[in-house]
Asker: 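Sharing a structure below in structure tokens format, with a few things to ask.
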Amino acid sequence: MAHDGFGAALAEDLHSSRPRVEIIGNSRVVVENHRGILEYDDGLLRVRCSGCEVRITGDGLTLAALSLDELAVTGTIVSVEYTSGG
């Protein structure tokens with residue numbers, strides 16, 4: 001069936017330790033499967049992830065939620081970048 005490959009890829013993504021980043025408009029970013037915060041102030045949040053770093057820049061950034069594997073930041077999001085080697 002044509003959808004078998006898609007379903008397998010989706011299942012792998014959902015159970016992976018790779019970061020999952022959800023951007024909601026320009027006001028909220030959720031990062032799942034993180035490995036800690038490297039830097040945080042009201043204009044920058046650097047998040048360590050498996051094999052990369054997620055860098056969120058903006059204005060008035062606030063860490064709205066934090067758990068062992070998920071975080072959410074709110075504010076005016078200007079950019080979200082991935083860099084290898086996090």
Side-chain angles (χ1 to χ4, degrees):
M1 180 172 255
H3 297 290
D4 288 346
F6 176 75
L10 182 60
E12 179 184 334
D13 287 345
L14 292 175
H15 294 90
S16 173
S17 64
R18 292 181 292 181
R20 180 175 185 273
V21 179
E22 181 178 4
I23 303 169
I24 304 160
N26 71 335
S27 62
R28 184 176 179 91
V29 176
V30 178
V31 180
E32 296 178 12
N33 299 324
H34 73 85
R35 294 192 172 175
I37 295 172
L38 298 169
E39 183 177 353
Y40 169 56
D41 65 32
D42 65 349
L44 173 66
L45 176 64
R46 294 176 48 226
V47 183
R48 178 181 293 134
C49 297
S50 179
C52 71
E53 177 184 312
V54 176
R55 181 182 176 109
I56 302 164
T57 59
D59 295 311
L61 299 181
T62 301
L63 195 57
L66 177 64
S67 69
L68 291 175
D69 65 348
E70 182 175 316
L71 62 82
V73 62
T74 58
T76 303
I77 308 300
V78 174
S79 69
V80 178
E81 301 173 73
Y82 295 88
T83 59
S84 61

Asker: Show, in sequence, the C-alpha distance, side-chain angles and deciding distance for Val54 and Val80, and conclude whether the side-chain contact (heavy atoms from CB on, under 4.5 Å) test is met.
Answerer: CA-CA 7 Å; Val54 176; Val80 178; 4.0 Å; yes
Asker: Using the test side-chain hydrogen bond (donor to acceptor under 3.5 Å, both in side chains), find all partners of Thr62 that sit at least two apart in sequence or belong to another chain.
Answerer: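 Applying side-chain hydrogen bond (donor to acceptor under 3.5 Å, both in side chains) to Thr62 gives none.
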Asker: Under a 4.5 Å cut-off applied to non-hydrogen side-chain atoms, are Leu63 and Ile37 in contact?
Answerer: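 Yes; the side chains approach each other to less than 4.5 Å.
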Asker: Please round to the nearest 0.5 Å and tell me the distance separating atom SG of Cys49 and atom CG of Asn33.
Answerer: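 It comes to 8.0 Å.
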Asker: Can you list the residues that meet the side-chain hydrogen bond (donor to acceptor under 3.5 Å, both in side chains) rule with Glu39, with sequence neighbours excluded?
Answerer: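 Counting only residues at least two positions away or on another chain, Glu39 forms a side-chain hydrogen bond (donor to acceptor under 3.5 Å, both in side chains) with Arg46.
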Asker: First locate atom OG of Ser17, then atom CZ of Arg35, and finally report the distance between them rounded to the nearest 0.5 Å.
Answerer: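 It is 5.5 Å, given to the nearest 0.5 Å.
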Asker: First locate atom CZ of Arg28, then atom CD of Glu22, and finally report the distance between them rounded to the nearest 0.5 Å.
Answerer: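 Output value for this atom pair is 8.5 Å.
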Asker: Write down the atom of Pro19, the atom of Ser50, and the distance for their closest heavy-atom approach.
Answerer: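 It is CD-O, 4.1 Å.
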Asker: Nearest 0.5 Å, please: how far is CG in Leu44 from CG in Asp59?
Answerer: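 Here the interatomic distance stands at 11.5 Å.
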Asker: Please tabulate, for the side chains in residues 66-78, all donor-acceptor contacts under 3.5 angstrom to protein atoms that are two or more places apart in sequence or on a different chain.
Answerer:
unit_1 : atom_1 : unit_2 : atom_2 : d
Ser67  : OG     : Asp69  : OD1    : 3.3
Ser67  : OG     : Glu70  : N      : 3.2
Ser67  : OG     : Glu70  : O      : 3.2

Asker: For the pair Thr83 and Arg55, evaluate side-chain contact (heavy atoms from CB on, under 4.5 Å) and give the outcome as yes or no after the intermediate values.
Answerer: CA-CA 8 Å; Thr83 59; Arg55 181 182 176 109; 5.7 Å; no
Asker: Group every Ile, Leu, Val, Met, Phe, Trp and Tyr by side-chain heavy-atom contacts under 4.5 Å, then state whether Val30 and Leu61 land in the same group.
Answerer: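 Looking at the clustering, Leu61 is in a separate group from Val30.
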Asker: Give the intermediate values and the outcome of side-chain contact (heavy atoms from CB on, under 4.5 Å) for residues Tyr82 and Val21.
Answerer: CA-CA 10 Å; Tyr82 295 88; Val21 179; 3.2 Å; yes
